[in-house]
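Working notes, beginning with the structure itself.
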Amino acid sequence: MTAMLEIPPALILLVTALLLPVLPALVRSIATVAMPLAALALLFQMERGTTVTAPFAGFELVLLQVNHLNFVFGVIFLLISSVASIYAWHVRETGQQVAAMLYAAGALGVTFAGDFLTLLLFWELMAVASAWLVFARRTPESTRAGLRYLLVHLAGGSALLGGIVLQYAQTGSLLLAPLAEGSGAAAWLILLGVALNVALPPLHAWLPDAYPQATITGAIFMSALTTKSAVYVLLKLFAGWDILIYGGVFMALYGVVYAVLANDIRQILAYHIISQVGYMVAGVGIGTELSLNGTAAHAYSHILYKGLLFMGAGAVIHATGKSKLTELGGLGPKMRAVLWLFMIGAFSISGFPLFNGFISKSMIVSAAGEAHHSAVMLLLLLASVGTFLHTGLKIPVFTFWGKDQHLEVRPVPGNMYVAMGLLAFGCTLYGVAPRLLYRMLPFDVEYHPYTAYHLVEAVQLLVFTFIGFWVLREKLAGEPFIALDTDWFYRRAARPATRWILVPVNALFAAGAAARDALVRTTVRWFANPRAWFNPRRTCTEPFDPDQDRASLSASIGFILLLLIVLSLVMWRS
């Protein structure tokens, strides 16, 4: 391996982002697709154990540290960055393209970081770049959601920074290493910062708030990068922490329950991100080789099928301008290709055999059983019922087969179909040939998903869920209201906080600024003509007049003589 090839993938995308503003529109689109693939090719050439360091502010930053765990995350982050850029090929807005590449660079920087400082720098880059993909939609709702998103993530970054400072103070080292459960305030603060990015309730409300407001193409990047990079950090630092088992199960159930109440198709998908990431968090908490493999595999699978689902939802929004279930319906005959591609993603997330969700989710459920967490296993299976109910049935039925709303359907760009087709192929490929994924996982895989037990279990869940949906389908239709979530607390507090905190503080600063300006004006007025101080017939505010304000010859000679006398006295005394 030559040093020339040991280039951090994040650096490649950072340089790409910096060059995009000076490139022609077509070249920009080509670069956003090609450069992640170039970085992926470079990653495949790197040996496990490859390390790149750089000095910074007296610290030795580990910019690249390739191992069996982060390799699988790096591969899928680069793949989705390229495919999402194909989906966004028709978007020639430089700001979105730069933000997307910076966002992907941040996720890769976090993934391959070998020290806390590098991780923190890329963590904050992700927060700022992803927020732009919300602001870029340029609606009042997206502006407010983007601001909330940014403030929440900066707060999470502050918790992470506090934990890193304490960790350095305690250990004298910034190197990333597993943290012992209950090892002190530093570990808990770091966990708090990571838990916010992983969307662990009640720290999750930013996700269903911001993702539905992001741009159609930006939401693809967001569905893939923030939560899964946080899952990687959990795997790296917190494997085996029991509290994560219960937090993950709560996430899995919380997401599917709130999906019942959601009406916006992308918000339903956003809540299901929380649910699916809950499986991964529980897998981290279980801490066995099978569960950690299952977490990495499910993160990989989730990025593929969730990206496909968001692409399908984005195609519907692009074609109709509508995103609410109560405003959609009857689109199946008009958008057949989108329907079938969306259903491949729906089959995958629901755990249908022969699709990638089945071969990864079942690993975590089986790991819970093998570790004697029977209640956890049953609750995760229950969450699977909700997943199929809403993503596999509710969205497609009420969007494509529901009451025809006679909506005008605009053509969907061909590049969107290409991107959806690539992800649909990936969902199917890994479902049919799971060893292609298993051989990339951090530990040797002894797991076999296609056993009679697993197949019967999956078919039973799917069949009975379908029956339940069909019986209750009228009650599961979307309702034109907004469900209150934990963001209610800071939304509700916004007005009194503005009135009692921001307004007084702004008034105090405004008074200070007014006093400063008054002092400056007074000083300028009194010092505009200092000679007038010695002329009773003149005022300081009058401009200097050489005929009236010039000193007389006698006064000038007298001043010079006085100065000479003073200097003589000083020299004599010295």
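Because the structure is predicted, anything quoted here is derived from the model rather than measured.
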Could you check whether any side-chain heavy atom of [X] comes within less than 4.5 Å of a side-chain heavy atom of [Y], counting everything from C-beta outward?
{"X": "I245", "Y": "D242", "value": "yes"}
{"X": "Y246", "Y": "V249", "value": "no"}
{"X": "Q460", "Y": "T465", "value": "no"}
{"X": "F77", "Y": "I303", "value": "yes"}
{"X": "L191", "Y": "L234", "value": "yes"}
{"X": "L237", "Y": "P178", "value": "no"}
{"X": "M251", "Y": "S275", "value": "no"}
{"X": "L108", "Y": "L13", "value": "yes"}

Between Y103 and T226, a side-chain donor and acceptor under 3.5 Å
yes

Would you check if there is a donor-acceptor pair between the side chains of Y271 and Y254 at a distance under 3.5 Å?
no

What closest approach, in Å, do [X] and [Y] show between heavy atoms, and which atom pair accounts for it?
{"X": "S229", "Y": "M126", "answer": "OG-CE, 3.4 Å"}
{"X": "L207", "Y": "A270", "answer": "CD2-O, 3.3 Å"}
{"X": "L150", "Y": "A131", "answer": "CD1-CB, 3.9 Å"}
{"X": "P396", "Y": "G392", "answer": "CG-O, 3.2 Å"}
{"X": "L269", "Y": "A313", "answer": "CD1-CB, 4.0 Å"}
{"X": "P9", "Y": "L78", "answer": "CB-CD1, 4.4 Å"}

Measuring from [X]:[atom1] to [Y]:[atom2], what's the distance to the nearest 0.5 Å?
{"X": "L133", "Y": "T217", "atom1": "CG", "atom2": "OG1", "result": "7.5 Å"}
{"X": "I349", "Y": "F358", "atom1": "CD1", "atom2": "CZ", "result": "16.0 Å"}
{"X": "L331", "Y": "K322", "atom1": "CG", "atom2": "NZ", "result": "11.5 Å"}
{"X": "S81", "Y": "L37", "atom1": "OG", "atom2": "CG", "result": "9.5 Å"}
{"X": "I243", "Y": "E181", "atom1": "CD1", "atom2": "CD", "result": "7.5 Å"}
{"X": "Q267", "Y": "I273", "atom1": "CD", "atom2": "CD1", "result": "11.5 Å"}

Ring centroid separation for [X] and [Y], is it under 6.0 angstrom?
{"X": "F112", "Y": "Y232", "answer": "no"}
{"X": "Y430", "Y": "Y300", "answer": "yes"}
{"X": "Y305", "Y": "F355", "answer": "no"}
{"X": "H454", "Y": "Y450", "answer": "no"}

For the backbone of [Y] and the side chain of [X], can you confirm whether one donor and one acceptor N or O come within less than 3.5 Å of each other?
{"X": "K236", "Y": "N70", "answer": "no"}
{"X": "T391", "Y": "F388", "answer": "no"}
{"X": "S384", "Y": "L380", "answer": "yes"}
{"X": "Y438", "Y": "I359", "answer": "yes"}
{"X": "Q276", "Y": "H302", "answer": "no"}
{"X": "T50", "Y": "M46", "answer": "no"}
{"X": "S350", "Y": "F352", "answer": "no"}
{"X": "S291", "Y": "G283", "answer": "yes"}

Mind jotting down which residue pairs meet the side chain to side chain donor-acceptor pair (under 3.5 Å) criterion with at least one end in residues 105-126? Sequence neighbours excluded, please.
D115-T118

Cationic tip of R266 above F310 ring, under 6.0 Å, 45° of axis:
no

Between Y279 and K361, is there a cation-pi geometry (under 6.0 Å to ring centre, at most 45° from the normal)?
yes

Among L292, T288, I286, which one satisfies side-chain contact (heavy atoms from CB on, under 4.5 Å) with L290?
T288

Which of I268, L309, V316, L328 passes side-chain contact (heavy atoms from CB on, under 4.5 Å) with I395? Answer is I268

Please evaluate residues M416 and M311 with respect to the criterion side-chain contact (heavy atoms from CB on, under 4.5 Å), reporting the C-alpha separation (whole Å), side-chain torsions for both, the decisive distance (0.1 Å), and the verdict.
CA-CA 7 Å; M416 286 187 168; M311 286 180 181; over 6 Å; no

Would you say that more than 12 heavy atoms from the other residues, nucleotides or ligands in this model lie under 6.0 Å from the CZ of F443, or not?
yes

Would you say L382 has more than 12 foreign heavy atoms packed within less than 6.0 Å of its CG?
yes

Apply the test side-chain contact (heavy atoms from CB on, under 4.5 Å) to residues M280 and V277: give CA-CA distance (whole Å), side-chain angles for both, the deciding distance (0.1 Å), then the verdict.
CA-CA 5 Å; M280 304 171 208; V277 172; 4.3 Å; yes

Check step by step if side-chain contact (heavy atoms from CB on, under 4.5 Å) holds for L200 and H204.
CA-CA 5 Å; L200 177 67; H204 69 288; over 6 Å; no

Look at the aromatic rings of W241 and W188 and report parallel, tilted or perpendicular, splitting at 30° and 60°.
perpendicular

Between L196 and W206, is a side-chain contact (heavy atoms from CB on, under 4.5 Å) present by the stated rule, with each step listed?
CA-CA 9 Å; L196 188 143; W206 58 269; 4.0 Å; yes

